[in-house]
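Reading through the structure tokens given below for one structure.
Since the model is a prediction, treat every value here as computed from it, not as a measurement. Both counts, for ligands and for their atoms, begin at 1 and track the order of listing.
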Amino acid sequence: MQLPNFLKTPMFQQRYEWITKPLDFMEKAVKQYPDIFTSQILGANKPIIFANHPQAIQEILTNDRKKFTAPGEANKTLQPLVGDYSVMLLDGDRHKRERKLLMPQFHGERMQTYGNLICTITEKVFSQLPQDTIFTARNVTSEISLSVMLEAVFGLYEGERYQQIKYLIIEMLDLFRSPLAFAFLLFPILQKDLGNLSPWGHYLRQREQLDRLLYTEINERRSQSDITNRVDILSLLMSAKDEHGNSLTDKELRDELMTLLIAGYETTATAMAWGLYWIYQKPQVREKLLEELDSMGENPDPISVSRLPYLTAVCNETLRIYPVALATFVREVQEPVELLGYQIEPKSEIWGCIYLLHHREDLYPDSKQFKPERFLERQFSPYEFMPFGGGARRCIGYALAEFEMKLVIAKVVSGYNLALADNQPEKAQRRGVTLAPATGVKMKMQGIRPPQKSVVSAVGK
Ligand code: HEM
């Protein structure tokens, strides 16, 4: 099979570098082959093409239901976590149907309700941090993100079941955090139930417990008469019907809940921790942001906050410089295609490389510098800036993730005096399939920031 710009480094070295130092691996490769190259990070029989030229990305993502597909099979390592009916594992028409049921739940007027919820949870979590103590931003944003998931997505509030589900989710995801543990997902041969003391056996028992709780919740919800008045995503999904009038089965509901959780909880928490890091690392950014936030007065409406131009630019620049997801899911070539002058044959597998796209000097000069202004000065196309991927598998929760990121950052920066606890620059490190701050961002709580007198913002003018 003809493949563009095959990397010459030995396969094992490529795999090792991709797992341990993914940014160094990609930056070394792109110096040699700037727009597109083929790697062997997944093994000799599974070459992966990394494409980062906007023209190639546009060609792939606008045709990924015809010339290309976005095969669910490529995500099957996640099956033990998300189940067989997860949107991530479905293909073709079933995948389309599932997205149609899921997508509307993350848009429209329900965002207002989620907005109030996000602000209340943020306030609750931050107000409990003792003054003059050091905390890890990522742990705190994880607490917020998980609570938002449980309340907005699962519709669960305080109570025994809420606490049990929260505990089990944290435990289960912890199991897959280290590269060694992640190997259990990569290599099905390791997935042997050798009793509760073996890692896989322990995981299976926790999963059974969690499933029992989720099915009990679903059953109780089905018997409630007020389900149509509820605005959480589980209730909305339970009432949603496809064009044939079919609704989701209990198993499908369970698998989609797990999918949204796995895809949405840690990613959003990491993005928010990065955001806080950059804001407190760059005093000018913080000042400009505070000026904009203070111009909104006390307790501004969440939707208006989410439209603030400088806050939006800060969040975009955060997602650009260290995108939480390094690449899109796999796209597979279906018919002979030409990409950037290279002939690519059917069955070839391609990743749209988000990290390398976001560091193209022709799009983002001084790409290693954090400069939110670039998003005020220029409008980037969806093939130039794509933290949430695109096309057939574009992130389903992107609107919720962006909204949450903006509201949490706005609430924290305007409501508290914080500082970074460490002067060393934060390094980016692989955490499962995401790119996260290596230390989690150590910060110091210095107390409440009193409300400021409203000023007219000069930001963006
Ligand atoms: C900052 C936070 C997030 C980032 C950076 C992110 C990024 C991504 C990316 C890059 C993809 C793959 C897109 C592609 O292949 O073209 C994706 C898919 C997905 N994301 Fe997100 N995501 C985030 C938050 C969320 C949230 C909050 C949810 C749900 C509540 C979510 C649910 C999903 C789902 C279900 C898919 C799979 C879609 C499919 O298979 O059709 N994500 N996300």
>> Between E217 and R254 (salt bridge meaning N to carboxylate O under 4.0 Å), is one present in this structure?
In response: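 Not counted as a salt bridge, because no side-chain N and carboxylate O are separated by less than 4.0 Å.
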Starting from the N and O atoms of ligand 1, collect every protein N/O partner closer than 3.5 Å and put each pair on its own line with the distance to 0.1 Å.
residue	atom	partner	partner atom	Å
ligand 1	15 (O)	F329	N	2.9
ligand 1	15 (O)	R331	NH1	3.0
ligand 1	15 (O)	R331	NH2	3.4
ligand 1	16 (O)	R331	NH2	2.7
ligand 1	16 (O)	G390	N	3.0
ligand 1	16 (O)	G390	O	3.1
ligand 1	40 (O)	R393	NH1	2.7
ligand 1	41 (O)	H95	NE2	2.7
ligand 1	41 (O)	R99	NH1	2.7

> Is any side-chain heavy atom of S367 closer than 4.5 Å to a side-chain heavy atom of R360?
Replying inline: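 Result no, sub-4.5 Å side-chain heavy-atom pair not found.
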> Restricting to pairs with a member in residues 317-336, which pass ring pair (Phe, Tyr, Trp, His ring centres under 6.0 Å), not counting sequence neighbours?
Replying inline: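 Residue pairs with at least one partner in residues 317-336: W274-Y322.
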>> Does anything in residues 55-103 form a ring pair (Phe, Tyr, Trp, His ring centres under 6.0 Å)? List the pairs, not counting sequence neighbours.
In response: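 Output for this query is empty, none listed.
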>> My understanding is that only residues two or more places apart in sequence, or in another chain, count here; which of them pass ring-ring contact (aromatic ring centres under 6.0 Å, His included) with F385?
In response: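 F385 satisfies ring-ring contact (aromatic ring centres under 6.0 Å, His included) with H358, F375 only.
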>> Take a 6.0 Å sphere around CD of E27 and say whether it holds more than 12 heavy atoms from other residues, nucleotides or ligands.
In response: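 It does: E27 CD has more than 12 such atoms within range.
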